[in-house]
Amino acid sequence: MLTRRDFLRLAPAPFLLRPALALAAEGFERIDSHFHIHRDAPAVFDSLKASGWSGLDLCVCPVAGDEPFDLEAKLDATSKGSRASGGRVAWASTIDARGFESKDFTDRAIARVLRTFDDGAIGVKIWKNIGMSIRGKAGAYLLPDDPALLPIYEAIQKAGRTLVAHLAEPDGAWLPLDEKNPEFPYYSKNPQWHMLGKGTPPKEDILKARDRILATFPKLRVVGCHLGSDEDHLDRLAHRLDTFPNFAVDTAARTRYFARGDRGAVIAFLTKYQDRILYATDYSLRQTDPAAGARALLADHDRDIAFYAGEAEMDYEGRPTRGLGLPDAILRKLFRENARRWLPGIGV
Ligand SMILES: [Zn+2]
């Protein structure tokens, strides 16, 4: 993996580094719009500060059945971490959508969401268990535009916060689980999210339910995680971005799709939709030693700067590729300005 020093040393000619260096030289602060820290991690916060990054810590409630999950503890730890970071790490809360059929579900969920706004949350994340694993009493899968959820989105819109939506998965979740599956490494380790033959809603039904939220609440800003789960179909994503002006996407854990895609088509896509794409990693600190975690996150950031800003041949997660060499004006949007607009409150 490229470190910052390697990046500077390996670049064969100064002009290849021009955009990244120009941005760094003027103290350009970059933003990672999607990662997972969930605690006070001074080593990570110090490293972000030293390297000129800030970001967004996104909560999820990753359960579907009756298993216990202490959402309050997660929200509390995340907001405390955000405060300890001095605002460098903003945070977004989430909802526990289980029990969506109970009478007071919506009111309780809204009350909790509003409480997290008082506690500094700049948005609310909904997760793929909506559409793929939470079911009602009669067995039907909960879809993201269920009537029980709509008033929650309305409350988020009214509060001027952002809905961050990781709904559905890459196509690989619905393809046979073999070595040809581009997501084999993930689904072989996380078979509960491999949907083929399980009777869950088709991917397009989940995304269409999300699209109905976009149409129903045109003033609600929605950031679709992971290229809005259209990472395999930039043409479909382009159509959705054209149709819904309130929709943007993050690149979390999906820069690798750009790295292995058709370089010219990827540059054209990023150029055309330069106001609608937020750079992100999906980095997760988990139980890692924070100092090691800080180094890993910095290495991810440096690798991705080299990919988007540089033009050199490079390795991206084990595959050879070439940097996109995007111009400064687009890099500024991708690495900062779009996040500031779509996620007000993020960044220093
Ligand atoms: Zn994530």
Side-chain angles (χ1 to χ4, degrees), residues 34-36 38 58-69 71 74 94-100 125-146 149 164-211 213 223-237 240 249-261 280-288 300 316-319:
H34 178 157
F35 54 44
H36 305 280
H38 307 303
L58 290 163
C59 292
V60 298
C61 183
V63 282
D66 293 335
E67 60 272 47
F69 184 80
L71 180 55
K74 176 72 135 328
T94 193
I95 57 169
D96 184 346
R98 296 178 298 175
F100 67 96
K125 182 171 182 182
I126 54 173
W127 202 54
K128 63 187 177 186
N129 52 1
I130 298 175
M132 296 174 72
S133 68
I134 296 178
R135 303 163 82 153
K137 290 196 182 79
Y141 284 86
L142 170 66
L143 281 167
D145 67 334
D146 190 277
L149 300 176
V164 181
H166 173 180
L167 296 168
E169 283 280 84
D171 284 3
W174 287 269
L175 296 172
L177 191 52
D178 56 31
E179 302 277 350
K180 285 203 297 266
N181 188 320
E183 297 294 336
F184 181 76
Y186 178 78
Y187 295 121
S188 54
K189 285 197 209 94
N190 299 275
Q192 74 276 25
W193 295 114
H194 186 249
M195 295 288 117
L196 182 66
K198 289 188 180 161
T200 50
K203 173 171 176 170
E204 198 54 22
D205 287 9
I206 302 170
L207 294 186
K208 281 190 176 141
R210 180 202 59 198
D211 292 348
I213 301 169
V223 174
C225 302
H226 314 301
L227 299 177
S229 293
D230 265 330
E231 57 275 90
D232 298 282
H233 308 279
L234 291 185
D235 55 333
R236 286 184 206 169
L237 177 55
R240 289 187 152 108
V249 293
D250 78 32
T251 67
R254 297 298 180 270
T255 295
R256 60 197 162 91
Y257 277 75
F258 289 151
R260 69 173 186 230
T281 55
D282 204 17
Y283 169 80
S284 187
L285 182 61
R286 298 184 199 279
Q287 297 310 313
T288 321
D300 283 357
Y316 202 100
E317 294 188 353
R319 299 168 76 112

Inter-residue atom distance [X].[atom1] - [Y].[atom2], 0.5 Å rounding:
X: S229; Y: I206; atom1: OG; atom2: CD1; result: 8.5 Å
X: D250; Y: H166; atom1: CG; atom2: NE2; result: 9.5 Å
X: M132; Y: Q192; atom1: CE; atom2: CD; result: 9.5 Å
X: R240; Y: D235; atom1: CZ; atom2: CG; result: 10.5 Å

Considering non-hydrogen atoms only, spot the tightest contact between [X] and [Y] and give its length.
X: L207; Y: A168; result: CD2-CB, 3.9 Å
X: S188; Y: L177; result: N-CD1, 4.1 Å
X: L143; Y: G131; result: CD2-CA, 4.2 Å

Would you say the side-chain atoms of [X] pair up with the backbone N or O of [Y], donor to acceptor, closer than 3.5 Å?
X: H194; Y: L175; result: yes
X: E67; Y: G65; result: yes
X: N129; Y: I134; result: no

Going by side-chain hydrogen bond (donor to acceptor under 3.5 Å, both in side chains), name the residues that satisfy it together with [X], two or more places apart in sequence or in a different chain.
X: Y283; answer: none
X: D282; answer: H34, H36
X: R135; answer: Y141
X: D171; answer: K203, H233

Legend entry - Results of salt bridge (charged side-chain N to carboxylate O under 4.0 Å, His left out) for D145 - residues two or more places apart only: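 Salt bridge (charged side-chain N to carboxylate O under 4.0 Å, His left out) check on D145 returns R212.
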
Legend entry - salt bridge (charged side-chain N to carboxylate O under 4.0 Å, His left out) partners for D96, two or more places apart: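 Salt bridge (charged side-chain N to carboxylate O under 4.0 Å, His left out) check on D96 returns R98.
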
Evaluate the side-chain proximity of [Y] to [X]: yes if any heavy-atom separation is below 4.5 Å, no if none is.
X: H38; Y: C59; answer: yes
X: P170; Y: D232; answer: yes
X: W193; Y: Y186; answer: yes
X: Y316; Y: R260; answer: no

Inset, instruction - Say whether E169 and Y187, considering side chains only, have a donor N or O and an acceptor N or O under 3.5 Å apart. - result: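 Per modelled atom types, E169 and Y187 side chains form a pair under 3.5 Å.
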
Test side chain to side chain contact (heavy atoms under 4.5 Å, CB included) applied to [X] - qualifying residues, sequence neighbours left out:
X: A165; value: I126, L167, V222
X: P62; value: V60, F69, W127
X: D178; value: P176, K180, N181
X: D146; value: F100, L142, A148, L149

Legend entry - Over 12 foreign heavy atoms within 6.0 Å of NZ, K198: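 Check passes, neighbour count above 12.
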
Legend entry - Any residue meeting ring-ring contact (aromatic ring centres under 6.0 Å, His included) with Y257, in chain and number order, not counting sequence neighbours: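 By the ring-ring contact (aromatic ring centres under 6.0 Å, His included) rule, Y257 matches no residue at all.
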
Legend entry - Presence of salt bridge, R254 and E183, under 4.0 angstrom: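 No salt bridge links E183 with R254.
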
